[in-house]
Engineer: 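Below you'll find the structure I mean.
Below, each value reflects all heavy atoms present in this structure, side chains not excepted, and no hydrogens, waters or symmetry copies.
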Amino acid sequence: MRILVANVNTTVSMTEAIASSARSVASPGTEIVGITPRFGADSCEGNFESYLAAIAVMDAVLAYPEPYDAVIQAGYGEHGREGLQELLEVPVVDITEAAASTAMYLGHRFSVVTTLDRTVPLIEDRLKLAGLDQRCASVRASGLGVLELESDPQRAVEAIVEQSTRAVSDDHAEVICLGCGGMAELEEQVRAATGVPIVDGVRAAVTIAEGLVRMGLSTSKVRTYAPPREKRITGWPFRI
């Protein structure tokens, strides 16, 4: 089984970290391939960058030359998962939805701890669109930019732990979802500080994608995610 894990930004080191996290939970025989878009922002922290990433990820996935069995969109709250589902028959798993749906098996309510405050509405909207918002106690911002997760990891851990602790004590969250693909591999430190289960969306998405493939399931093509209709598209940056 081969699973493509698509970073939504153009920072290659983050792609490598996300892919490494994905491999840590992948089953024997599952190949994880991290892909980085050829264009876009070096981090996604708002609607413009998120919509740009949606096109960039579709471009990167369609350009991949080998067969694959599933795709993981490794951006928290990002746009574009639905577009990928129209273009592909294989399962497409978004890490926002993967983390939240996994958290629902572990506690009554979950909170998401993310990066900047401006990304909170994007995550809230993605959870609402997926029908997962009713079990969300809160979406909290650590105040750090995505790239600071790499440049100042100790400060990142402290900020994420602080907001996670507040989510548990003030918002009555019973599970914490790490709200950024770049937060991969922080589970143990946050779990030790909060005493609650910590869900990383990338790792959750890998287990979900593997399960869907093993069950022989694929994206439904009868209505919502039917392939795009054939028509002339002027200036389209890649071929369908």
Engineer: Of the non-hydrogen atoms in P37 and V57, which two are nearest, and what is the gap between them?
Structural biologist: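 Residues P37 and V57, closest heavy atoms: CG-CG2, 4.4 Å.
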Engineer: Out of curiosity, T115 OG1 to L178 CG, how far, rounded to the nearest 0.5 Å?
Structural biologist: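 Here the interatomic distance stands at 12.0 Å.
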Engineer: Using a 3.5 Å distance criterion without hydrogens, assess whether the side chain of R135 forms a donor-acceptor pair with backbone atoms of H108.
Structural biologist: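 Answer holds: yes.
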Engineer: Taking only residues two or more places apart in sequence or in another chain, which ones pass ring-ring contact (aromatic ring centres under 6.0 Å, His included) with Y51?
Structural biologist: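 Applying ring-ring contact (aromatic ring centres under 6.0 Å, His included) to Y51 gives H79.
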Engineer: Could you state whether V61 and F39 fall into the same hydrophobic cluster, counting links through intermediate Ile, Leu, Val, Met, Phe, Trp or Tyr residues with side-chain heavy atoms under 4.5 angstrom apart?
Structural biologist: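 V61 clusters together with F39.
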Engineer: Does Y225 belong to the same Ile/Leu/Val/Met/Phe/Trp/Tyr cluster as L4, with side-chain heavy atoms less than 4.5 Å apart forming each link?
Structural biologist: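 Each belongs to a different hydrophobic cluster.
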Engineer: Just by distance, do the side chain of N9 and the backbone of T11 share a donor-acceptor pair under 3.5 Å?
Structural biologist: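 The answer is yes, because a donor-acceptor pair under 3.5 Å joins these two groups.
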Engineer: Could you tell me whether R126 and E97 make a salt bridge, using a distance below 4.0 angstrom between a side-chain N and a carboxylate O?
Structural biologist: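 Salt bridge between R126 and E97, a charged N being under 4.0 Å from a carboxylate O: yes.
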Engineer: Side-chain heavy atoms under 4.5 angstrom apart, residues restricted to Ile, Leu, Val, Met, Phe, Trp, Tyr: same cluster for L106 and V206?
Structural biologist: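 Same cluster: L106 reaches V206 through Ile, Leu, Val, Met, Phe, Trp or Tyr contacts under 4.5 Å.
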Engineer: Counting neighbours of CZ on R214 that are heavy atoms of other residues, nucleotides or ligands and sit closer than 6.0 Å, is the number greater than 12?
Structural biologist: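 Enclosed.
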Engineer: In plain terms, say whether E162 and R166 are close enough for a salt bridge, that is, a side-chain N and a carboxylate O under 4.0 Å apart.
Structural biologist: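 Salt bridge between E162 and R166, a charged N being under 4.0 Å from a carboxylate O: yes.
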Engineer: Distance check, rounded to the nearest 0.5 Å: D69 atom CG versus S218 atom OG?
Structural biologist: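 The OG atom of S218 is 11.5 Å from CG of D69, to the nearest 0.5 Å.
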Engineer: Whether the E210 and T30 side chains hold a donor-acceptor pair (N or O, under 3.5 Å, no angle test) is what I'd like checked.
Structural biologist: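 Yes, a side-chain donor-acceptor pair sits under 3.5 Å.
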Engineer: Measure across D171 and S138 and return the closest heavy-atom pair with its distance rounded to 0.1 Å.
Structural biologist: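 It is OD2-OG, 2.7 Å.
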Engineer: Under a 4.5 Å side-chain heavy-atom rule over Ile, Leu, Val, Met, Phe, Trp and Tyr, are V33 and V12 clustered together?
Structural biologist: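 They do not share one cluster, since no chain of ILVMFWY contacts under 4.5 Å joins V33 to V12.
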Engineer: When V93 is tested against each of T207, L212, V71 for side chain to side chain contact (heavy atoms under 4.5 Å, CB included), which residue passes?
Structural biologist: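 The residue from T207, L212, V71 that satisfies side chain to side chain contact (heavy atoms under 4.5 Å, CB included) with V93 turns out to be L212.
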Engineer: For S111, which of V168, I176, D170, V175 qualifies under side chain to side chain contact (heavy atoms under 4.5 Å, CB included)?
Structural biologist: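 That would be I176; it is the only one of V168, I176, D170, V175 passing the side chain to side chain contact (heavy atoms under 4.5 Å, CB included) with S111.
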Engineer: Which atom pair, heavy atoms only, marks the closest approach of L84 to Q73?
Structural biologist: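 Distance-wise, the nearest heavy atoms are CD1-OE1, 3.7 Å.
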Engineer: Can a donor-acceptor pair be found, under 3.5 Å and without considering hydrogens, that links the side chain of S20 to the backbone of E16?
Structural biologist: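 Not confirmed, S20 side chain does not pair with E16 backbone.
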Engineer: Is there any salt bridge (charged side-chain N to carboxylate O under 4.0 Å, His left out) pair reaching into residues 21-35, and which pairs are they, with sequence neighbours excluded?
Structural biologist: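 The answer is R2-E31.
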Engineer: Between T96 and R81, is any side-chain donor less than 3.5 angstrom from a side-chain acceptor?
Structural biologist: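 On atom types as modelled, these side chains do not qualify, holding no pair under 3.5 Å.
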Engineer: Give me the atom names and distance for the closest heavy-atom approach of S164 to T194.
Structural biologist: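 Closest pair (atom of S164, atom of T194, distance): CB-CG2, 3.7 Å.
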Engineer: Got more than 12 heavy atoms from elsewhere within 6.0 Å of CD, E66?
Structural biologist: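 More than 12 heavy atoms, drawn from other residues, nucleotides or ligands, come within 6.0 Å of this atom.
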Engineer: For T102 and A98, indicate whether the former's side chain and the latter's backbone hold a donor-acceptor pair under 3.5 Å.
Structural biologist: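 Such a contact is found between T102 side chain and A98 backbone.
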Engineer: What distance separates T36 OG1 from D42 CG, expressed to the nearest 0.5 Å?
Structural biologist: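 Reported to 0.5 Å precision, the distance equals 12.5 Å.
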Engineer: Quick one, I35 with Y68, criterion side chain to side chain contact (heavy atoms under 4.5 Å, CB included). Give me CA distance, side-chain angles, the key distance, then yes/no.
Structural biologist: CA-CA 12 Å; I35 59 176; Y68 51 89; over 6 Å; no
Engineer: So, the side chain of T10 versus the backbone of A41: is there a donor-acceptor pair under 3.5 Å, distance only?
Structural biologist: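 Yes, T10 side chain to A41 backbone: donor-acceptor pair under 3.5 Å.
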Engineer: Taking the side chain as everything from C-beta on, heavy atoms only, tell me whether L88 gets closer than 4.5 Å to L62.
Structural biologist: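 In short, these two side chains touch, coming nearer than 4.5 Å.
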Engineer: Output yes when a side-chain donor or acceptor of S21 lies under 3.5 Å from a complementary backbone atom of I18, and no otherwise.
Structural biologist: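 No.
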Engineer: Under the 3.5 angstrom rule, does the side chain of R203 hit a backbone N or O of A22 as a donor-acceptor pair?
Structural biologist: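 Here the side-chain-to-backbone pair does not exist.
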Engineer: If only side-chain N and O atoms count, and only distance matters, is there a donor-acceptor pair under 3.5 Å linking S50 with E78?
Structural biologist: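 Distance-only check passes for E78 and S50.
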Engineer: Can you find a heavy atom in the side chain of F110 that is under 4.5 Å from one in the side chain of L127?
Structural biologist: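 Side chain of F110 against side chain of L127, heavy atoms only: contact under 4.5 Å found.
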Engineer: Out of curiosity, L122 CG to E49 CD, how far, rounded to the nearest 0.5 Å?
Structural biologist: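 Answer rounded to 0.5 Å: 10.0 Å.
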Engineer: To the nearest 0.5 Å, what is the distance between CD on E82 and CG on D94?
Structural biologist: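 Here the interatomic distance stands at 8.0 Å.
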Engineer: How close do G143 and L116 get, counting heavy atoms only, and between which atoms?
Structural biologist: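 Here G143 and L116 meet closest at O-CD2, 3.6 Å.
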Engineer: Where do I32 and A26 come nearest, in terms of heavy atoms and distance?
Structural biologist: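 Between these two residues, the closest heavy atoms are CG1-CB, 4.0 Å.
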Engineer: From E158 CD over to S142 OG, what is the distance, rounded to the nearest 0.5 angstrom?
Structural biologist: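 Output value for this atom pair is 12.0 Å.
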Engineer: Can you confirm whether K221 is buried at NZ, in the sense that more than 12 heavy atoms of other residues, nucleotides or ligands lie under 6.0 Å from that atom?
Structural biologist: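 Above 12, so yes.
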Engineer: Let me check something: do V120 and L129 share a hydrophobic cluster, defined by ILVMFWY side-chain heavy atoms less than 4.5 Å apart, either directly or through other members?
Structural biologist: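 As far as the 4.5 Å side-chain criterion goes, L129 and V120 are not connected within one cluster.
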Engineer: Any side-chain heavy-atom pair from D133 and E124 closer than 4.5 angstrom?
Structural biologist: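 No; the side chains remain at least 4.5 Å from each other.
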